[in-house]
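The structure appears right after this line, and notes come after that.
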Amino acid sequence: MNLKPKTTTIMFNENQIHEIEAHGLTVAQVEAQIEAFKRGFPSLEVVKAASPEDGITILSEEQCDNAVKYYDAVAEQLEVVKFVPASGAATRMFKELFEFVNDDKRGKGIDTLLQNIEKFAFYEELKATGVDFADDKAVVSAIIKEGLNYGAKPKGLVTFHNYEEGARKAIEEHLMEGAQYAASKGVSRLHFTVSPEHKAAFKALLDERVAHYEAKFGIRYDISFSEQKPSTDTIAVNPDNTPFLTDEGKLLFRPAGHGALLSNLNDIEADVIFVKNIDNVTTDALRGDTIRYKKALAGVLLNLQAQAFAHLKALNEGAANIAEVAEFVEKKLCTKLPAEYNAELLKALLDRPIRVCGMVRNEGEPGGGPFWVKNDDGTQSLQIAESSQISAEDMPLMKEATHFNPVDLVCGVRKADGSKFDLMGYTDPKTGFISSKSSGGRELRAQELPGLWNGAMAQWNTIFVDVPISTFSPVKVVQDLLRPQHQ
């Protein structure tokens with residue numbers, strides 16, 4: 001599906017054209033977005049769920065050990081970065097608390113919170129606010145409003161875990177992880193995507209705590225930040241798909257979801273990039289599996305990347321055994337070839353960014369899953385798909401998935417010659433999501449870009465590896481902090 005309109009269908013006035021350009025967009029891009037609203041996004045051509053029998057690699061203990069050793073042996077020669085999407089306030093995490101304080105809506109979650117309040121790592125901070133613990137509403141209000149003000153803070157600045165030496169916020173656990181699997185040449189490089197309004201608070205906390213962790217691990221941290229770029233925003237439209245105008249008569253642009261962060265990822269200069277969500281951290285006592293499998297995923301990636309480069313070199317020199325290359329593409333890079341293929345198709349398939357994605361056993365957690373999908377070039381490849389991308393008739397396939405996506409990625413973004421891929425060229429613009437929202441009490445339609453690990457990486461070489469559930473400990477609601485992984 002070509003999202004770019006053949007003819008101009010929307011006439012913008014001079015002021016609106018200036019608004020578009022000031023946002024870092026072009027009129028043609030905005031028109032393409034409006035066309036996407038009109039046409040909608042097609043469902044993925046899903047073939048079946050990936051499984052341990054077909055598409056999900058199960059590493060033996062020996063294979064895992066070897067992958068870890070491979071990564072450890074070469075990491076010192078590489079530029080390694082840990083990339084953590086950390087934007088936005090933790091609104092959903094505290095949604096139930098707001099409903100209690102603002103609307104007197106009290107559910108089981110509030111009871112669980114208050115009955116276990118002393119078990120939360122932020123309890124001492126809460127006590128320091130002087131709140132009256134006999135007043136339930138005052139306690140909950142002190143967590144999300146005046147007091148800790150967590151309702152207006154990002155997850156990275158929420159206190160997650162207790163230790164004898166003191167409590168740690170989520171971002172500090174990423175410092176711990178970074179030192180243990182994302183360090184090379186004595187430096188651990190971390191990159192956080194943050195919202196502009198939270199950047200100063202992130203920096204203040206890190207300025208206070210980084211020296212402690214540098215001393216603990218004998219390394220130096222190189223920490224950088226970026227913001228979601230306005231040029232990745234999408235225009236909002238009315239229900240009839242005409243541009244939505246604010247009460248001031250201006251066009252309304254909205255952040256286009258986490259897929260917009262592909263541009264931030266594309267700016268990272270590194271050989272290996274680990275990607276993990278801000279809330280998916282655990283305690284020191286339980287982190288062993290996370291470290292082991294992060295290194296294993298990186299070892300698998302680097303090994304496959306080296307083989308892909310060797311096959312590509314042989315193809316370019318006319319010295320390749322085509323059958324051997326095809327077998328590598330199908331069995332190792334998990335791309336099923338059409339009945340008829342040639343060296344040019346094999347070159348195109350080898351010359352792509354590569355990602356190795358940890359997949360955990362499906363235990364009912366929300367999230368996308370691993371699937372085989374059909375591609376325009378006649379191949380079938382592995383993709384992470386959300387339920388919103390799958391048609392109603394294919395939805396039974398979603399229930400067949402043995403695994404789901406915990407957002408546990410290791411990315412190889414270098415070409416065989418050492419230069420960096422332009423990641424913007426490996427997306428699937430046919431993917432996206434349209435939702436109904438409102439502004440100023442008026443209904444509007446909003447559009448998200450292809451998700452960062454969905455359509456934004458659709459044309460990468462993708463390998464799925466089974467990882468233990470112990471590597472996945474997300475905090476979607478505040479009560480999740482009571483789970484064993486966080487106590």
Check whether the ring centres of F371 and F464 lie less than 6.0 Å apart, and answer yes or no. no
Does atom CD of E393 have more than 12 heavy-atom neighbours from other groups under 6.0 Å away? yes
To the nearest 0.5 Å, what is the distance between OG1 on T234 and CD1 on I434? 9.5 Å
Would you mind telling me which of I235, D233, V30 makes a side chain to side chain contact (heavy atoms under 4.5 Å, CB included) with H23? D233
With D132, which residues qualify under side-chain contact (heavy atoms from CB on, under 4.5 Å), at least two apart? A134, D135
Any side-chain donor near an acceptor of the partner, S381 and N375, under 3.5 Å: yes
Is a side-chain donor or acceptor of Q485 paired with a backbone partner of S473 at a separation under 3.5 angstrom? no
So, K82 and E177, do they make that salt bridge, N to O below 4.0 Å? yes
In plain terms, say whether K203 and E208 are close enough for a salt bridge, that is, a side-chain N and a carboxylate O under 4.0 Å apart. no
Can you tell me how far the CD1 atom of I268 sits from the SG atom of C411, to the nearest 0.5 Å? 11.0 Å
Counterpart residues, side-chain contact (heavy atoms from CB on, under 4.5 Å), relative to N266 (two or more places apart): K420, D422, L423, M424
Give me the ring orientation class for H486 and F160: parallel if the planes are under 30° apart, tilted from 30 to 60°, perpendicular past 60°. perpendicular
Do S224 and H191 have side-chain atoms, one donor and one acceptor, less than 3.5 Å apart? yes
If the threshold is 4.0 Å, N to carboxylate O, is there a salt bridge linking K169 and E125? yes
Would you check, one step at a time, whether the test ring pair (Phe, Tyr, Trp, His ring centres under 6.0 Å) holds for F100 with F94? CA-CA 10 Å; F100 175 54; F94 298 104; over 10 Å; no
Tell me the closest heavy-atom pair linking A142 and L126, and the distance in Å. CB-CD1, 3.8 Å
Can a side-chain donor-acceptor contact be found between S43 and Q389 if the only test is distance below 3.5 angstrom? no
What verdict does the side-chain contact (heavy atoms from CB on, under 4.5 Å) test give for N241 and K38, after you've listed the backbone C-alpha separation in whole Å, the side-chain angles of each residue and the deciding distance to 0.1 Å? CA-CA 7 Å; N241 297 321; K38 291 178 177 179; 4.0 Å; yes
Begin with the C-alpha distance, continue with both residues' side-chain angles, and end with the deciding distance and a verdict on side-chain contact (heavy atoms from CB on, under 4.5 Å) for L481 and M93. CA-CA 11 Å; L481 289 171; M93 183 175 172; 4.0 Å; yes
What verdict does the side-chain contact (heavy atoms from CB on, under 4.5 Å) test give for S439 and L252, after you've listed the backbone C-alpha separation in whole Å, the side-chain angles of each residue and the deciding distance to 0.1 Å? CA-CA 9 Å; S439 177; L252 178 64; 4.1 Å; yes
With the threshold set at 4.0 Å, does a side-chain nitrogen-carboxylate oxygen contact exist between K105 and D103? no
Look at the aromatic rings of F192 and H174 and report parallel, tilted or perpendicular, splitting at 30° and 60°. perpendicular
Which residues pass the side-chain hydrogen bond (donor to acceptor under 3.5 Å, both in side chains) test with T26, sequence neighbours left out? Q29
Give a yes or no answer on whether the side chain of N461 reaches the backbone of L333 with a donor-acceptor pair at less than 3.5 Å. no
Looking at K476 and D279, is there a salt bridge between them, counting it only when a charged N and a carboxylate O are closer than 4.0 Å? yes
Looking at G147 and T129, what are the two nearest heavy atoms and their distance? CA-CG2, 3.9 Å
Please report the closest heavy-atom contact between P52 and H403, naming both atoms and the distance. CG-CE1, 3.9 Å
Working to the nearest 0.5 Å, report the span between NZ of K276 and CZ of F83. 15.0 Å
Centre-to-centre under 6.0 Å for F122 and Y150, is that the case here? yes
Determine all donor-acceptor pairs shorter than 3.5 Å in which one atom belongs to a side chain in residues 346-360; sequence neighbours excluded.
residue : atom : partner : partner atom : Å
K347    : NZ   : E344    : OE2          : 3.3
R355    : NE   : T462    : OG1          : 2.8
R355    : NH1  : W453    : O            : 3.1
R355    : NH2  : T462    : OG1          : 3.2

Please round to the nearest 0.5 Å and tell me the distance separating atom NZ of K250 and atom CG of N15. 7.0 Å
Can a donor-acceptor pair be found between the side chains of N362 and T402 at a distance below 3.5 Å? no
For the side chain of N454 and the backbone of I384, is there at least one donor-acceptor N/O pair under 3.5 Å apart? yes
Gap between atom CD1 of I143 and atom CD1 of I117 - 0.5 Å precision: 4.0 Å
Whether the side chain of N13 engages the backbone of Q16 through a donor-acceptor N/O pair (distance < 3.5 Å, no angle test) should be reported. yes
Sequence neighbours excluded, the answer for ring-ring contact (aromatic ring centres under 6.0 Å, His included) partners of Y221 is none
Residues D111 and K108 bridged, charged N to O under 4.0 Å: no
Within 6.0 angstrom of K95 NZ, more than 12 heavy atoms from elsewhere: no
Taking only residues two or more places apart in sequence, or in another chain, which ones meet D240 in a side-chain contact (heavy atoms from CB on, under 4.5 Å)? N238, T242
Ring pair (Phe, Tyr, Trp, His ring centres under 6.0 Å) evaluation trace for F421 with Y426: CA-CA 9 Å; F421 283 105; Y426 296 86; 5.5 Å; yes
Check ion pair K336-D54 (N to O, under 4.0 angstrom): yes
Starting at NZ of K229, measure out to OG1 of T232 and round the result to the nearest 0.5 Å. 8.5 Å
Output, in order, the C-alpha distance, side-chain angles, deciding distance and verdict of side-chain contact (heavy atoms from CB on, under 4.5 Å) for T159 and R168. CA-CA 6 Å; T159 301; R168 278 186 213 147; over 6 Å; no
Between F274 and Y181, is the gap from one ring center to the other below 6.0 Å? yes
